[in-house]
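It should be emphasised that the depicted structure is a prediction, and the values quoted were computed from it without experimental measurement.
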Amino acid sequence: MNQNLSIDEYDALEQITKLPRGARPSACISRNSKRLVGIKLISHKRDGSFELTDTGKQVLFIKQCIDGLRAIAANPDVILSGPVATFLGKKAHIEVDATSGKNVITARGLECLADIEATSAPAKKY
């Protein structure tokens, strides 16, 4: 994940995953498609639609994991999606509290989150 993507570019990646087959791309996708194709996060298909590449899927999943970690740190009542919760649990960043049954962030997760906050550049806003 060497590219610094803007919030708008992340939003375009997310929209591509939810776009029905054969549907026309939104303005957000169209506006960001040239750069996202150039850095090989999406590919342009012959029918005019876009799809995420494997690298694009990884970038989006990493962002979802980071957002999930931030959400759990702020509010343990947040429910994470299955793959994100499984991944963060396997990496020992979150664990299920025995008494409440809710996800809680571990010391390792807090350390990882502090490292992410220290090294990440602020996102470009449009």
Check your understanding: Is it the case that Gln58 and Asp54 place a side-chain donor and acceptor less than 3.5 Å from each other?
Key ->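 The criterion, which ignores hydrogens and geometry beyond distance, is not satisfied for Asp54 and Gln58.
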
Check your understanding: Under 3.5 Å, is there a donor-acceptor pair linking the side chains of Asp47 and Ser49?
Key ->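 Judged by distance alone, the side chains do pair up.
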
Check your understanding: Taking it one step at a time, do Phe50 and Ser33 satisfy side chain to side chain contact (heavy atoms under 4.5 Å, CB included)?
Key -> CA-CA 8 Å; Phe50 296 98; Ser33 63; 3.5 Å; yes

At what distance, to the nearest 0.5 angstrom, does [atom1] of [X] lie from [atom2] of [Y]?
{"X": "Ile116", "Y": "Arg70", "atom1": "CD1", "atom2": "CZ", "result": "6.5 Å"}
{"X": "Thr55", "Y": "Ile42", "atom1": "OG1", "atom2": "CD1", "result": "12.5 Å"}
{"X": "Ile72", "Y": "Ile94", "atom1": "CD1", "atom2": "CD1", "result": "5.5 Å"}

Review point. With the 4.5 Å side-chain cut-off for hydrophobic clustering, are Ile62 and Val84 part of the same group?
Key: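 Different hydrophobic clusters.
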
Review point. If Ile, Leu, Val, Met, Phe, Trp and Tyr residues are connected whenever their side-chain heavy atoms lie under 4.5 Å apart, and connections chain through other members, are Ile66 and Leu69 in the same group?
Key: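 No, Ile66 does not connect to Leu69 through the hydrophobic network.
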
Review point. Would you say the side-chain atoms of Asn32 pair up with the backbone N or O of Cys28, donor to acceptor, closer than 3.5 Å?
Key: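 Side chain of Asn32 to backbone of Cys28, a donor-acceptor pair under 3.5 Å: yes, one is there.
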
Review point. Do side-chain atoms of Glu9 reach the backbone of Ser6 as a donor and acceptor pair under 3.5 angstrom?
Key: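 Answer holds: yes.
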
Review point. Heavy-atom count around Lys34 NZ within 6.0 Å, excluding the residue itself: above 12?
Key: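 Incorrect, the count does not exceed 12.
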
Check your understanding: Are more than 12 heavy atoms from other residues, nucleotides or ligands located less than 6.0 Å from atom CG of Leu110?
Key ->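 Above 12, so yes.
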
Exercise for review: Check the pair Val59 / Leu52 against side chain to side chain contact (heavy atoms under 4.5 Å, CB included), numbers first and verdict last.
Suggested key: CA-CA 10 Å; Val59 167; Leu52 289 176; over 6 Å; no

Point to revise | CA sep, side-chain torsions, deciding dist, call: Glu14, Lys63, salt bridge (charged side-chain N to carboxylate O under 4.0 Å, His left out) | key: CA-CA 10 Å; Glu14 189 72 38; Lys63 182 178 184 319; over 6 Å; no

Exercise for review: Run the numbers on Arg35 and Leu41 for side chain to side chain contact (heavy atoms under 4.5 Å, CB included), then give the verdict.
Suggested key: CA-CA 9 Å; Arg35 180 166 189 269; Leu41 296 181; over 6 Å; no

Check your understanding: Given Thr53 and Lys57, is the side chain to side chain contact (heavy atoms under 4.5 Å, CB included) satisfied, shown in steps?
Key -> CA-CA 6 Å; Thr53 62; Lys57 291 175 187 174; over 6 Å; no

Practice item. Could you tell me whether the side chain of Thr86 reaches within less than 4.5 Å of the side chain of Leu80, counting heavy atoms only? Key: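 Heavy-atom side-chain distance check fails, nothing below 4.5 Å.
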
Practice item. Scan for salt bridge (charged side-chain N to carboxylate O under 4.0 Å, His left out) pairs involving residues 92-110, sequence neighbours excluded, and state none if there are none. Key: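 Matches after skipping sequence neighbours: Asp77-Lys102.
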
